[in-house]
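Here's the structure we're looking at; comments come further down.
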Amino acid sequence: MTTVRADRRPALLSLAGIGALALGAVLMLLLQVVLPTNEISATWRTISEYGLSDHKWMFDLAVVLVAAGSAIAFAVLRLQGRLPRAAAVLGALWTAGLLVIVAFPKTDWANAAASSGPGGALHRAASVVAFVCLPVAVLVAARAAFPDQPRRRWLVRALAIAALAWFAVIIGAIAVAALTGQHWWLLIPLGLVERGMALTELLALAALSAPGRGKGLAVDA
């Protein structure tokens with residue numbers, strides 16, 4: 001019977017969390033190459049469009065896997081004393097936001113009945129909360145996660161800042177649209193920006209949760 005040393009369990013759990021993140025990302029990428037979702041433009045249409053397709057189950061599974069992997073990653077970091085309380089709260093908001101995205105699909109503007117419910121608004125709000133909270137959580141946690149590894153700390157911070165830069169593109173488009181009266185989602189390749197932001201955020205979380213040298217189990221305030 002194979003046993004696992006207690007001091008290796010956090011590292012194995014972290015790797016399991018990263019594996020769930022990777023599997024979720026792979027499923028999302030598959031949606032872009034299988035019929036009929038391969039017809040959804042990755043440049044102009046948002047990721048949530050997959051949730052309105054015949055492959056909604058695959059989209060939901062991918063997002064749930066990312067949520068599960070995120071929960072594992074943040075839980076391990078917290079137990080190891082490598083995640084400040086503020087970052088834990090932000091991580092919980094990211095995870096909850098992903099689950100809300102699954103529970104409330106985006107508005108189907110082609111369906112008049114579906115477009116009148118509150119689900120679409122909840123979906124949009126959860127998306128914004130999730131996409132903002134994760135990179136901020138990574139920035140807050142970087143020093144505690146890697147106190148003696150400046151290169152790792154620099155990497156996770158760079159990825160978090162890059163994710164926020166993607167989001168800044170969206171904010172900029174909204175600001176320009178407010179001044180010009182145009183539709184902001186037509187001013188930028190929204191699908192490309194959102195996919196770039198999502199990928200960068202997953203990489204940031206994976207880099208943050210990758211096992212480090214620290215072995216402490218005390219929880220930071």
Side-chain angles (χ1 to χ4, degrees), residues 24-25 28-33 36-56 59-60 62-63 66-67 70 86-87 89-91 93-140 142 156-205:
M28 202 67 74
L29 288 174
L30 282 176
L31 285 168
Q32 194 54 55
V33 298
T37 47
N38 65 333
E39 298 178 358
I40 295 175
S41 172
T43 303
W44 296 101
R45 307 300 290 273
T46 65
I47 299 172
S48 294
E49 289 285 338
Y50 299 134
L52 301 178
S53 71
D54 294 338
H55 293 320
K56 181 182 185 301
F59 169 81
D60 290 348
V63 177
V66 171
S70 301
V89 172
L90 290 166
L93 289 173
W94 150 262
T95 305
L98 293 177
L99 296 178
V100 172
I101 287 172
V102 171
F104 298 94
K106 72 165 292 182
T107 300
D108 183 359
W109 297 108
N111 186 333
S115 65
S116 61
L122 288 171
H123 182 96
R124 289 191 295 273
S127 299
V128 172
V129 169
F131 279 132
V132 173
C133 284
L134 179 62
V136 176
V138 172
L139 284 174
V140 172
V156 297
R157 284 175 172 168
L159 288 169
I161 291 171
L164 290 173
W166 283 112
F167 189 76
V169 173
I170 296 176
I171 297 300
I174 293 173
V176 171
L179 295 174
T180 62
Q182 297 174 279
H183 295 303
W184 69 267
W185 56 89
L186 298 179
L187 296 176
I188 56 173
L190 181 57
L192 181 62
V193 171
E194 189 182 77
R195 284 164 175 78
M197 179 168 54
L199 176 60
T200 307
E201 294 199 353
L202 290 184
L203 290 174
L205 180 54

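One is the number of the first residue; the rest follow in order along the sequence.
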Quick one: [atom1] on [X] to [atom2] on [Y], what's the gap to the nearest 0.5 Å?
X: His55; Y: Thr37; atom1: NE2; atom2: OG1; answer: 4.5 Å
X: Leu202; Y: Ser70; atom1: CG; atom2: OG; answer: 7.0 Å
X: Glu194; Y: Thr43; atom1: CD; atom2: OG1; answer: 12.5 Å

Could you work out, with side chain to side chain donor-acceptor pair (under 3.5 Å) as the rule, every residue matching [X], not counting sequence neighbours?
X: Arg157; answer: none
X: Thr95; answer: none
X: Thr180; answer: Gln182

CG/Asp54: more than 12 non-hydrogen atoms of other groups inside 6.0 Å: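 Result for CG/Asp54: open.
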task: Going by the side-chain contact (heavy atoms from CB on, under 4.5 Å) test, name the single residue among Ile47, Val102, Leu99 that passes it with Val63.
output: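 So, applying the side-chain contact (heavy atoms from CB on, under 4.5 Å) to Val63 and each of Ile47, Val102, Leu99, only Val102 qualifies.
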Candidate pair Leu52 and Phe59, rule side chain to side chain contact (heavy atoms under 4.5 Å, CB included), full reasoning: CA-CA 9 Å; Leu52 301 178; Phe59 169 81; over 6 Å; no
field: Set of residues satisfying salt bridge (charged side-chain N to carboxylate O under 4.0 Å, His left out) with respect to Arg45, sequence neighbours excluded
entry: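 With sequence neighbours excluded, Arg45 shows a salt bridge (charged side-chain N to carboxylate O under 4.0 Å, His left out) to Glu49, given in chain and number order.
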query: Which heavy-atom pair separates Ala204 from Val156 by the least distance, and what is that distance?
result: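 Of all heavy-atom pairs spanning Ala204 and Val156, the closest is O-CG1, 4.3 Å.
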- request: Compare every heavy atom of Gly91 with every heavy atom of Ala137, then report the nearest pair and how far apart it is.
  value: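 Looking at all heavy atoms of both residues, the closest pair is CB-N, 4.0 Å.
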Under 3.5 Å, which donor-acceptor pairs link side chains of residues 170-179 to any protein atom two or more places apart or in another chain?
none

task: Report yes if some heavy atom in the side chain of Val66 is under 4.5 Å from a heavy atom in the side chain of Leu98; otherwise report no.
output: yes
task: Answer whether the closest heavy-atom distance between the side chains of Met197 and Val169 falls below 4.5 Å.
output: no
- prompt: Should Glu201 and Val138 be marked as a side chain to side chain contact (heavy atoms under 4.5 Å, CB included) after you check the CA-CA gap, both sets of side-chain angles, and the distance that decides it?
  reply: CA-CA 9 Å; Glu201 294 199 353; Val138 172; over 6 Å; no
Result block: side-chain N/O donor-acceptor pairs under 3.5 angstrom for residues 126-134, not counting sequence neighbours:
{"from": "Ser127", "atom 1": "OG", "to": "His123", "atom 2": "O", "distance (Å)": "2.8"}

For Val140, side-chain contact (heavy atoms from CB on, under 4.5 Å) partners two or more places apart: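 By the side-chain contact (heavy atoms from CB on, under 4.5 Å) rule, Val140 matches Pro84, Ala86, Ala87, Leu90, Val136.
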field: Qualifying side-chain hydrogen bond (donor to acceptor under 3.5 Å, both in side chains) pairs with a residue from residues 164-176, counting only residues at least two apart or across chains
entry: Trp166-Thr200
